[in-house]
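The first residue in the sequence is number 1, and the count goes up from there. Whatever order the structure lists ligands and atoms in, that order sets their numbers, starting from 1.
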Amino acid sequence: MGVAALEQWAVDHGQAAFRGRQLHDWLYAKGARRLADVSVLPKAFREQLEAAAPPSGSADWIGRSREMHRSVARDGTTKLLLGTHDGLSIETVGIPAEGRLTVCVSSQVGCPMACRFCATGKGGLQRSLAVHEIVDQVLSVREAMEQRPSHVVFMGMGEPLLNSEAVLAAIDCLCTDLGMAQRQITVSTVGVARTLQQLAELALARLGRAQFTLAVSLHAPDQRLRELLIPTAHAYPIAELLEDCRRFVAITGRRVSFEYILLGGLNDQPRHAEALAQLLRGFQSHVNLIPYNPIAEEEFQRPTPAAVEGFRRALQARHVAVSVRASRGLDADAACGQLRRRLEGSLEPAPAGRA
Ligand code: SF4
(Lines give C-alpha, C1' and ligand atoms only; values in the text may rest on other atoms or scores of the structure.)
Protein backbone atom coordinates (compact mmCIF):
# COMPACT_ATOMS: atom_id res chain seq x y z
CA MET A 1 0.00 0.00 0.00
CA GLY A 2 1.13 3.51 -0.76
CA VAL A 3 0.59 6.60 1.40
CA ALA A 4 -2.90 7.40 0.11
CA ALA A 5 -4.13 3.82 0.56
CA LEU A 6 -2.70 3.67 4.10
CA GLU A 7 -4.33 6.99 5.00
CA GLN A 8 -7.65 5.63 3.79
CA TRP A 9 -7.01 2.38 5.67
CA ALA A 10 -6.40 4.35 8.90
CA VAL A 11 -9.61 6.33 8.42
CA ASP A 12 -11.53 3.10 7.72
CA HIS A 13 -10.24 1.80 11.06
CA GLY A 14 -11.46 4.83 12.98
CA GLN A 15 -8.06 6.59 13.14
CA ALA A 16 -6.88 9.95 11.84
CA ALA A 17 -5.36 9.92 8.33
CA PHE A 18 -1.90 10.83 9.67
CA ARG A 19 -1.74 7.38 11.33
CA GLY A 20 -1.59 5.99 7.80
CA ARG A 21 1.40 8.22 7.03
CA GLN A 22 3.08 7.05 10.22
CA LEU A 23 2.49 3.43 9.30
CA HIS A 24 3.93 4.10 5.82
CA ASP A 25 7.08 5.49 7.40
CA TRP A 26 7.47 2.49 9.69
CA LEU A 27 6.80 -0.06 6.97
CA TYR A 28 9.10 1.35 4.32
CA ALA A 29 11.66 3.66 5.94
CA LYS A 30 12.05 1.74 9.20
CA GLY A 31 11.30 -1.74 7.84
CA ALA A 32 8.87 -2.86 10.57
CA ARG A 33 8.37 -6.63 10.62
CA ARG A 34 5.59 -6.95 13.21
CA LEU A 35 2.85 -4.75 14.56
CA ALA A 36 4.71 -4.59 17.84
CA ASP A 37 7.54 -2.80 16.01
CA VAL A 38 5.22 0.05 15.05
CA SER A 39 5.36 1.65 18.46
CA VAL A 40 4.18 5.01 17.13
CA LEU A 41 0.62 3.68 16.80
CA PRO A 42 -1.56 3.87 19.96
CA LYS A 43 -1.26 0.69 22.03
CA ALA A 44 -5.02 0.08 22.09
CA PHE A 45 -5.15 0.31 18.29
CA ARG A 46 -2.25 -2.11 17.92
CA GLU A 47 -3.93 -4.57 20.27
CA GLN A 48 -7.12 -4.30 18.27
CA LEU A 49 -5.16 -5.06 15.07
CA GLU A 50 -3.19 -7.90 16.73
CA ALA A 51 -6.50 -9.51 17.70
CA ALA A 52 -7.56 -9.45 14.04
CA ALA A 53 -4.18 -10.68 12.69
CA PRO A 54 -4.01 -14.14 11.07
CA PRO A 55 -3.17 -17.04 13.44
CA SER A 56 0.30 -17.26 11.84
CA GLY A 57 1.16 -13.88 13.40
CA SER A 58 1.48 -10.21 12.67
CA ALA A 59 4.44 -10.67 10.28
CA ASP A 60 1.86 -12.03 7.83
CA TRP A 61 -0.43 -9.12 8.62
CA ILE A 62 2.35 -6.69 7.72
CA GLY A 63 3.30 -8.80 4.71
CA ARG A 64 6.89 -9.66 5.62
CA SER A 65 8.57 -12.99 4.96
CA ARG A 66 10.63 -15.04 7.43
CA GLU A 67 14.35 -15.46 6.91
CA MET A 68 15.01 -19.21 6.70
CA HIS A 69 18.69 -19.13 5.82
CA ARG A 70 21.45 -16.71 5.02
CA SER A 71 24.53 -17.53 2.96
CA VAL A 72 27.33 -14.96 2.65
CA ALA A 73 30.12 -15.32 0.10
CA ARG A 74 33.65 -14.02 0.60
CA ASP A 75 32.94 -11.07 -1.68
CA GLY A 76 29.94 -10.06 0.48
CA THR A 77 27.27 -11.38 -1.89
CA THR A 78 24.43 -12.38 0.41
CA LYS A 79 21.81 -14.91 -0.54
CA LEU A 80 18.65 -15.13 1.56
CA LEU A 81 16.17 -17.97 1.58
CA LEU A 82 12.85 -16.40 2.58
CA GLY A 83 9.81 -18.29 3.81
CA THR A 84 6.35 -17.21 2.63
CA HIS A 85 3.12 -17.28 4.66
CA ASP A 86 2.04 -20.52 2.93
CA GLY A 87 5.19 -22.47 3.73
CA LEU A 88 7.03 -21.97 0.43
CA SER A 89 10.49 -20.51 -0.02
CA ILE A 90 12.15 -18.11 -2.43
CA GLU A 91 15.66 -16.85 -3.00
CA THR A 92 16.82 -13.28 -3.10
CA VAL A 93 20.39 -12.05 -3.42
CA GLY A 94 22.17 -8.86 -2.39
CA ILE A 95 25.20 -8.10 -4.54
CA PRO A 96 27.44 -5.34 -3.19
CA ALA A 97 29.84 -3.44 -5.43
CA GLU A 98 31.69 -0.14 -5.29
CA GLY A 99 29.06 2.42 -4.29
CA ARG A 100 26.06 0.24 -5.09
CA LEU A 101 23.96 -2.62 -3.80
CA THR A 102 21.97 -4.63 -6.32
CA VAL A 103 19.11 -6.87 -5.20
CA CYS A 104 18.31 -9.80 -7.45
CA VAL A 105 14.64 -10.54 -6.76
CA SER A 106 12.39 -13.48 -7.56
CA SER A 107 9.03 -12.96 -9.24
CA GLN A 108 7.65 -16.49 -8.81
CA VAL A 109 8.07 -19.49 -6.51
CA GLY A 110 9.82 -21.84 -8.90
CA CYS A 111 9.52 -21.34 -12.64
CA PRO A 112 7.68 -23.07 -15.50
CA MET A 113 10.23 -22.18 -18.20
CA ALA A 114 12.50 -25.20 -17.54
CA CYS A 115 15.74 -23.71 -18.89
CA ARG A 116 18.18 -26.60 -18.83
CA PHE A 117 21.06 -24.74 -17.21
CA CYS A 118 18.95 -23.41 -14.32
CA ALA A 119 18.36 -25.05 -10.91
CA THR A 120 15.05 -23.19 -10.43
CA GLY A 121 13.65 -24.59 -13.68
CA LYS A 122 14.12 -28.15 -12.39
CA GLY A 123 11.30 -27.92 -9.86
CA GLY A 124 8.58 -26.33 -12.00
CA LEU A 125 6.28 -23.50 -10.92
CA GLN A 126 4.51 -23.39 -7.56
CA ARG A 127 2.91 -19.98 -7.82
CA SER A 128 3.51 -16.35 -8.74
CA LEU A 129 4.51 -13.89 -6.04
CA ALA A 130 2.27 -11.08 -4.85
CA VAL A 131 3.44 -7.46 -4.97
CA HIS A 132 4.31 -7.31 -1.26
CA GLU A 133 6.35 -10.53 -1.53
CA ILE A 134 8.51 -8.92 -4.21
CA VAL A 135 8.96 -5.64 -2.29
CA ASP A 136 9.70 -7.62 0.89
CA GLN A 137 12.80 -9.10 -0.77
CA VAL A 138 14.30 -5.63 -1.21
CA LEU A 139 13.46 -4.73 2.39
CA SER A 140 14.94 -8.02 3.61
CA VAL A 141 18.23 -7.48 1.78
CA ARG A 142 18.37 -3.89 3.09
CA GLU A 143 17.93 -5.19 6.60
CA ALA A 144 20.38 -8.10 6.24
CA MET A 145 23.14 -6.03 4.64
CA GLU A 146 22.41 -2.81 6.54
CA GLN A 147 22.66 -0.87 3.31
CA ARG A 148 20.16 0.87 1.07
CA PRO A 149 19.75 -1.01 -2.23
CA SER A 150 20.51 1.14 -5.27
CA HIS A 151 19.54 -1.32 -8.03
CA VAL A 152 16.98 -4.09 -8.45
CA VAL A 153 17.13 -6.80 -11.09
CA PHE A 154 14.27 -9.22 -11.72
CA MET A 155 16.67 -12.09 -12.41
CA GLY A 156 15.92 -14.43 -9.52
CA MET A 157 13.45 -17.28 -9.55
CA GLY A 158 10.62 -17.12 -12.05
CA GLU A 159 9.70 -15.55 -15.38
CA PRO A 160 8.63 -11.93 -14.68
CA LEU A 161 6.54 -11.71 -17.86
CA LEU A 162 4.26 -14.42 -16.48
CA ASN A 163 3.59 -12.11 -13.52
CA SER A 164 3.69 -8.70 -15.24
CA GLU A 165 0.97 -7.00 -13.21
CA ALA A 166 2.63 -7.76 -9.87
CA VAL A 167 6.11 -6.97 -11.22
CA LEU A 168 5.00 -3.53 -12.48
CA ALA A 169 3.11 -2.80 -9.25
CA ALA A 170 6.25 -3.75 -7.29
CA ILE A 171 8.35 -1.42 -9.47
CA ASP A 172 5.82 1.33 -8.75
CA CYS A 173 6.09 0.65 -5.01
CA LEU A 174 9.91 0.51 -5.07
CA CYS A 175 10.03 3.89 -6.81
CA THR A 176 7.17 5.65 -5.00
CA ASP A 177 7.48 4.21 -1.50
CA LEU A 178 11.16 3.28 -1.26
CA GLY A 179 12.49 6.14 -3.38
CA MET A 180 14.33 4.05 -5.96
CA ALA A 181 14.86 5.26 -9.52
CA GLN A 182 13.10 3.32 -12.26
CA ARG A 183 16.26 3.52 -14.37
CA GLN A 184 18.06 1.42 -11.76
CA ILE A 185 15.63 -1.45 -12.22
CA THR A 186 16.00 -4.27 -14.76
CA VAL A 187 13.35 -6.79 -15.79
CA SER A 188 14.86 -9.91 -17.29
CA THR A 189 12.88 -12.34 -19.44
CA VAL A 190 13.66 -15.50 -21.33
CA GLY A 191 10.78 -14.61 -23.65
CA VAL A 192 7.10 -15.48 -23.52
CA ALA A 193 5.16 -15.11 -26.77
CA ARG A 194 2.74 -12.16 -27.00
CA THR A 195 3.76 -10.57 -23.68
CA LEU A 196 6.38 -7.94 -24.56
CA GLN A 197 4.04 -5.46 -26.19
CA GLN A 198 1.60 -6.00 -23.33
CA LEU A 199 4.41 -5.27 -20.83
CA ALA A 200 5.32 -2.04 -22.62
CA GLU A 201 1.70 -0.86 -22.75
CA LEU A 202 1.00 -1.87 -19.16
CA ALA A 203 4.17 -0.09 -18.00
CA LEU A 204 3.09 3.16 -19.67
CA ALA A 205 -0.39 2.86 -18.16
CA ARG A 206 0.78 1.89 -14.70
CA LEU A 207 4.04 3.82 -14.28
CA GLY A 208 3.39 6.76 -16.61
CA ARG A 209 6.64 5.97 -18.44
CA ALA A 210 8.74 2.88 -18.87
CA GLN A 211 12.27 3.68 -17.81
CA PHE A 212 13.36 0.32 -16.46
CA THR A 213 15.71 -1.77 -18.57
CA LEU A 214 14.39 -4.82 -20.37
CA ALA A 215 16.95 -7.63 -20.52
CA VAL A 216 16.12 -10.48 -22.89
CA SER A 217 17.88 -13.81 -22.36
CA LEU A 218 18.91 -15.06 -25.79
CA HIS A 219 21.61 -17.58 -24.80
CA ALA A 220 21.95 -18.82 -28.39
CA PRO A 221 22.32 -17.22 -31.82
CA ASP A 222 19.89 -19.56 -33.58
CA GLN A 223 16.57 -21.29 -32.97
CA ARG A 224 17.90 -24.86 -32.86
CA LEU A 225 20.50 -24.23 -30.16
CA ARG A 226 18.12 -21.98 -28.26
CA GLU A 227 15.48 -24.70 -28.07
CA LEU A 228 18.11 -27.11 -26.79
CA LEU A 229 18.82 -24.78 -23.87
CA ILE A 230 15.33 -23.36 -23.38
CA PRO A 231 12.76 -26.03 -24.31
CA THR A 232 9.85 -23.54 -24.09
CA ALA A 233 11.48 -21.50 -26.88
CA HIS A 234 9.93 -23.86 -29.46
CA ALA A 235 6.72 -21.84 -29.09
CA TYR A 236 8.49 -18.54 -29.69
CA PRO A 237 10.77 -18.37 -32.76
CA ILE A 238 13.84 -16.19 -32.22
CA ALA A 239 12.90 -13.93 -35.17
CA GLU A 240 9.51 -13.24 -33.60
CA LEU A 241 11.15 -12.55 -30.22
CA LEU A 242 13.46 -9.96 -31.82
CA GLU A 243 10.55 -8.39 -33.67
CA ASP A 244 8.70 -8.04 -30.34
CA CYS A 245 11.84 -6.46 -28.83
CA ARG A 246 11.82 -3.87 -31.62
CA ARG A 247 8.17 -3.15 -30.83
CA PHE A 248 9.04 -2.75 -27.12
CA VAL A 249 11.75 -0.22 -28.06
CA ALA A 250 9.33 1.66 -30.32
CA ILE A 251 6.68 1.91 -27.59
CA THR A 252 8.95 2.74 -24.64
CA GLY A 253 11.90 4.50 -26.29
CA ARG A 254 14.24 2.34 -24.17
CA ARG A 255 16.89 0.12 -25.65
CA VAL A 256 16.91 -3.60 -24.86
CA SER A 257 19.85 -5.49 -23.48
CA PHE A 258 20.50 -9.12 -24.32
CA GLU A 259 21.76 -11.74 -21.91
CA TYR A 260 23.90 -14.60 -23.19
CA ILE A 261 24.97 -17.38 -20.85
CA LEU A 262 28.26 -18.87 -22.03
CA LEU A 263 28.34 -22.68 -21.76
CA GLY A 264 31.76 -24.22 -22.31
CA GLY A 265 32.09 -25.75 -25.79
CA LEU A 266 28.38 -25.42 -26.55
CA ASN A 267 27.62 -21.80 -27.46
CA ASP A 268 30.90 -20.02 -26.68
CA GLN A 269 32.76 -20.51 -29.95
CA PRO A 270 33.77 -17.69 -32.37
CA ARG A 271 31.19 -18.93 -34.90
CA HIS A 272 28.45 -18.40 -32.29
CA ALA A 273 29.68 -14.85 -31.63
CA GLU A 274 29.64 -14.16 -35.37
CA ALA A 275 26.10 -15.51 -35.71
CA LEU A 276 24.96 -13.48 -32.70
CA ALA A 277 26.41 -10.27 -34.15
CA GLN A 278 24.65 -11.05 -37.43
CA LEU A 279 21.34 -11.66 -35.61
CA LEU A 280 21.55 -8.34 -33.75
CA ARG A 281 22.64 -6.29 -36.77
CA GLY A 282 20.87 -2.93 -36.84
CA PHE A 283 19.60 -3.39 -33.30
CA GLN A 284 20.56 -0.71 -30.81
CA SER A 285 21.41 -3.05 -27.98
CA HIS A 286 23.91 -4.24 -25.44
CA VAL A 287 24.99 -7.84 -24.91
CA ASN A 288 25.79 -9.05 -21.42
CA LEU A 289 27.87 -12.24 -21.36
CA ILE A 290 27.37 -14.50 -18.33
CA PRO A 291 29.89 -17.29 -17.78
CA TYR A 292 27.87 -20.32 -16.61
CA ASN A 293 27.72 -21.18 -12.89
CA PRO A 294 27.69 -25.01 -12.74
CA ILE A 295 24.71 -26.72 -11.08
CA ALA A 296 24.71 -30.32 -9.93
CA GLU A 297 21.94 -31.62 -12.19
CA GLU A 298 23.40 -30.74 -15.58
CA GLU A 299 26.51 -31.63 -17.51
CA PHE A 300 27.20 -28.14 -18.82
CA GLN A 301 30.70 -26.77 -18.38
CA ARG A 302 31.90 -23.37 -17.28
CA PRO A 303 33.60 -21.65 -20.27
CA THR A 304 37.34 -21.10 -20.10
CA PRO A 305 38.52 -17.50 -19.52
CA ALA A 306 40.06 -17.60 -23.02
CA ALA A 307 36.71 -18.54 -24.58
CA VAL A 308 34.93 -15.74 -22.70
CA GLU A 309 37.50 -13.20 -23.81
CA GLY A 310 37.47 -14.51 -27.39
CA PHE A 311 33.68 -14.23 -27.54
CA ARG A 312 33.76 -10.71 -26.15
CA ARG A 313 36.39 -9.59 -28.66
CA ALA A 314 34.54 -11.21 -31.56
CA LEU A 315 31.39 -9.25 -30.72
CA GLN A 316 33.30 -6.04 -30.16
CA ALA A 317 35.05 -6.43 -33.52
CA ARG A 318 31.58 -6.54 -35.09
CA HIS A 319 30.57 -3.32 -33.31
CA VAL A 320 28.29 -4.95 -30.76
CA ALA A 321 28.31 -3.24 -27.34
CA VAL A 322 29.27 -6.00 -24.93
CA SER A 323 30.19 -6.59 -21.30
CA VAL A 324 31.03 -9.66 -19.23
CA ARG A 325 29.21 -10.12 -15.96
CA ALA A 326 31.69 -10.79 -13.18
CA SER A 327 30.91 -14.00 -11.29
CA ARG A 328 29.76 -13.10 -7.80
CA GLY A 329 29.29 -15.31 -4.78
CA LEU A 330 30.43 -18.58 -6.34
CA ASP A 331 30.91 -19.91 -2.81
CA ALA A 332 27.30 -19.08 -1.86
CA ASP A 333 25.22 -21.30 -4.20
CA ALA A 334 25.19 -18.31 -6.55
CA ALA A 335 23.32 -19.80 -9.50
CA CYS A 336 19.60 -19.14 -9.55
CA GLY A 337 17.71 -21.68 -7.42
CA GLN A 338 20.76 -23.55 -6.10
CA LEU A 339 20.41 -22.61 -2.45
CA ARG A 340 16.70 -23.39 -2.37
CA ARG A 341 17.15 -26.79 -3.99
CA ARG A 342 19.98 -27.71 -1.63
CA LEU A 343 18.07 -26.72 1.50
CA GLU A 344 14.51 -27.56 0.49
CA GLY A 345 12.60 -29.17 3.33
CA SER A 346 15.51 -29.07 5.77
CA LEU A 347 14.98 -25.71 7.41
CA GLU A 348 12.94 -24.07 10.09
CA PRO A 349 12.46 -20.29 10.01
CA ALA A 350 15.33 -18.41 11.66
CA PRO A 351 14.42 -16.05 14.50
CA ALA A 352 13.76 -12.59 13.05
CA GLY A 353 16.91 -10.57 12.51
CA ARG A 354 19.30 -13.51 12.88
CA ALA A 355 22.61 -13.10 11.10
S1 SF4 B 1 16.62 -19.21 -16.14
FE2 SF4 B 1 14.93 -17.90 -15.43
S3 SF4 B 1 13.28 -18.35 -16.91
FE4 SF4 B 1 14.75 -20.04 -17.09
S5 SF4 B 1 14.00 -21.65 -15.68
FE6 SF4 B 1 15.49 -20.37 -14.56
S7 SF4 B 1 14.26 -18.85 -13.49
FE8 SF4 B 1 12.99 -19.72 -15.14
Look at the aromatic rings of Phe212 and Phe248 and report parallel, tilted or perpendicular, splitting at 30° and 60°. tilted
Within a distance under 4.0 Å of any heavy atom of Gly121, pick out the atoms of ligand 1 and give their elements. 5 (S)
Using the side-chain hydrogen bond (donor to acceptor under 3.5 Å, both in side chains) definition, which of the options Arg100, Gln211, His151 pairs with Gln184? His151
Side-chain cluster (under 4.5 Å, hydrophobic types only) that Leu204 belongs to, other residues: Ile251
Just which atoms of ligand 1 are under 4.0 Å from any heavy atom in Ala114? 5 (S)
Quick one: does ligand 1 sit under 4.0 Å from the side chain of Cys118, the backbone, both or neither, non-hydrogen atoms only? side chain
Looking only at heavy atoms, is any part of Pro112 under 4.0 Å from ligand 1, and if so is it the side chain, the backbone, or both, or is it neither? neither
Close-contact set for ligand 1 against Cys111 heavy atoms, below 4.0 Å: 3 (S), 5 (S), 7 (S), 8 (Fe)
Extract all donor-acceptor atom pairs below 3.5 Å that involve side chains of residues 153-164 and protein atoms in other chains or at least two apart in sequence.
residue : atom : partner : partner atom : Å
Glu159  : OE1  : Thr189  : OG1          : 3.2
Glu159  : OE1  : Val190  : N            : 2.9
Glu159  : OE2  : Leu161  : N            : 2.8
Glu159  : OE2  : Thr189  : OG1          : 2.8
Asn163  : ND2  : Ser107  : O            : 2.9
Asn163  : ND2  : Leu129  : O            : 2.9
Ser164  : OG   : Leu161  : O            : 3.3

Whether Lys122 side chain and Phe117 backbone form a donor-acceptor pair below 3.5 Å: no
Within a distance under 4.0 Å of any heavy atom of Gly158, pick out the atoms of ligand 1 and give their elements. 7 (S)
